[in-house]
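These notes concern the structure reproduced below.
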Amino acid sequence: MSKYKRILLKLSGEALAKGADTIDVQTLSKVIGIIKSALEQKVQLGIVVGGGNIFRGAALAKAGMNRVTGDHMGMLATVINALAIADACRQAGIEALVMSGFPIGGGVCDPVDHNKAKQALDAGKVVIFSAGTGSPCFTTDTGAVLRAIEIEADIVFKATKVDGIYSADPSKNPNAKRYQTLSFDQAIENNLQIMDTAAFALCREHDLDICVFSMLDNKDTLSAILSGEPLGTICSK
Ligand code: UDP
C-alpha cells in the first residue's frame, strides 16, 4: 500500500502515441494498466495529460501561426487526449471524470473545480484534468503542478522516457549524471529541461515534491515506486 494518499500523474501526449498513430490503442491500454495498478495501491489519482502528440503551440508558431492560437490548439489537443483516457478507463471499469481548464459546453467535460475534483477523488474516481492551466504560454507541466496544488496532492509523478532527472540529456550526452534526489534550486539553477522553470518554481513555493520516472521500463515503475522501491528521481525543497 502506498505511503501517498493522493497523487497527480503527469502524462505527456506522446505517452499515448506510437508511430503514425497519435493515439495508439495498445499504448493507451498500457497506460490504463499503469492507472489500474496505481489504484490497486489505494491511492487517489488525478491525471494531467499533455497534447504534444497532436499540437504544440511553439511548433505551430515556428511554422508561422499566431502563438496564442497555436496554444489554444495545443490545449484543445490535451482535451482530446483526456477524453480518450477517460473512455479507456471506463471501458476497463474505472470511473473517470474529465475537467477542462477552460469551459467547454455540450456535455464534453466539466470545468475545473477543485472541490468537485476532491469529492470525485474521495469517491474513488480518476480525475483527468485537461487544457493545462487554461491559458496560453504555459505548459501542461505547470498545469500539472497547479492542479496538484488545487487537489492537495501529496506528490506529482511525471512520466518520461528516461528513468529520472539527469545533469544533461542522456540521449545526447553519455557523461550525463543521474540524480537520485535533487532540490528545486538545483533544478532551476542548472536549467534542467525535464520540467519548465515555472513548474519547478511553483513546486518550490508550495513545497510539493516531484518524482520523475520512466514509462518505458518493462516493469510498472509507478506501482513499484508507490510500493516503496527507490526508483526515479525525487525533486524536493
Ligand atoms: N498549452 C498552453 N497552456 C497550458 C498548457 C498547454 O497553451 O497551460 C499548450 C501549449 O501550446 C503546449 C500544448 O498545449 O505546447 C500541449 O501541451 P504540452 O506541450 O505541455 O504537452 P506534452 O509535451 O506534455 O505532451
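Just follow the structure's listing: the first ligand is 1, and inside any ligand the first atom is 1.
Any N or O atom pair closer than 3.5 Å counts here, and N53 shares no such pair with ligand 1. Considering both main-chain and side-chain atoms, G52 comes within under 3.5 Å of ligand 1 through a nitrogen or oxygen pair. Not one N or O of L11 is nearer than 3.5 Å to an N or O of ligand 1, by distance alone. An N or O contact shorter than 3.5 Å is missing between P136 and ligand 1 by distance. Some N or O of G51 is nearer than 3.5 Å to an N or O of ligand 1, by distance alone. Residue T78 has no N or O atom closer than 3.5 Å to an N or O atom of ligand 1. Note: no N/O pair closer than 3.5 Å links E14 and ligand 1 by distance alone. Residue-to-ligand polar distances keep D141 apart from ligand 1: every N/O pair is separated by 3.5 Å or more. Distances between N or O atoms of F138 and those of ligand 1 include at least one value under 3.5 Å. Checked by distance only, ligand 1 and R56 come closer than 3.5 Å through their nitrogen or oxygen atoms.
The side-chain contact (heavy atoms from CB on, under 4.5 Å) with S236 is formed by just one residue from the set L208, D209, T181, D207; it is D209.
Side chain of T233 to main chain of I165: a donor-acceptor pair is present (N/O by atom type, distance under 3.5 Å, no hydrogens or angles). Of the possible donor and acceptor atoms, one in the side chain of R178 sits under 3.5 Å from a partner among the backbone N and O of D163. In terms of modelled atom types and a separation under 3.5 Å, the side chain of T140 and the main chain of G143 share no donor-acceptor contact.
Under a cut-off of 6.0 angstrom, the local environment of NZ in K36 is sparse, with at most 12 non-hydrogen atoms contributed by other residues, nucleotides or ligands. Within a 6.0 Å sphere centred on OH of Y166, other residues, nucleotides and ligands contribute more than 12 heavy atoms.
Ring planes of F157 and F213: perpendicular class, angle over 60° (limits at 30 and 60°).
Among all non-hydrogen protein atoms, the one lying nearest atom 13 (C) of ligand 1 is G74 CA, 3.6 Å. The shortest contact between atom 12 (C) of ligand 1 and any protein heavy atom is with G57 N, 4.1 Å. Of the protein's heavy atoms, T140 OG1, 2.4 Å lies nearest to atom 20 (O) of ligand 1. Atom 5 (C) of ligand 1 has as its closest protein heavy atom T139 C, 3.4 Å. From the protein, the heavy atom lying nearest to atom 10 (C) of ligand 1 is D71 OD1, 3.3 Å.
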From CA spacing to verdict: side-chain contact (heavy atoms from CB on, under 4.5 Å), R204, I188: CA-CA 10 Å; R204 180 174 61 185; I188 293 169; 3.8 Å; yes

Between R6 and E152, is a salt bridge (charged side-chain N to carboxylate O under 4.0 Å, His left out) present by the stated rule, with each step listed? CA-CA 8 Å; R6 185 178 285 164; E152 299 173 74; 5.3 Å; no

May I have the step-by-step check of side-chain contact (heavy atoms from CB on, under 4.5 Å) for V127 and K118, ending in yes or no? CA-CA 9 Å; V127 181; K118 286 189 280 187; over 6 Å; no

Residues Q41, S223; criterion side-chain contact (heavy atoms from CB on, under 4.5 Å); working and verdict: CA-CA 7 Å; Q41 304 271 349; S223 184; 3.0 Å; yes

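Close approach to S12 involves these atoms of ligand 1, each under 4.0 Å from a residue heavy atom: 24 (O), 25 (O). Each of the following atoms of ligand 1 lies closer than 4.0 Å to a heavy atom of G50: 21 (O), 22 (P), 24 (O), 25 (O). Contact atoms of ligand 1 toward T133: 4 (C), 8 (O) (distance under 4.0 Å to a heavy atom of the residue). Close approach of ligand 1 to F55 is summarised as follows: ligand atoms under 4.0 Å from at least one heavy atom of the residue are 13 (C), 16 (C).
Q91 and D87 share a donor-acceptor pair across their side chains, judged by distance under 3.5 Å alone. With no hydrogens or angles considered, a side-chain donor-acceptor pair links Q44 and D122 at under 3.5 Å.
Within the structure, ligand 1 has K10 among the residues with a heavy atom less than 4.0 angstrom away. Using a 4.0 angstrom heavy-atom cutoff, G143 does not count as in contact with ligand 1.
Only the backbone of S135 comes within 4.0 Å of ligand 1, counting heavy atoms alone; no side-chain atom from C-beta on gets that close.
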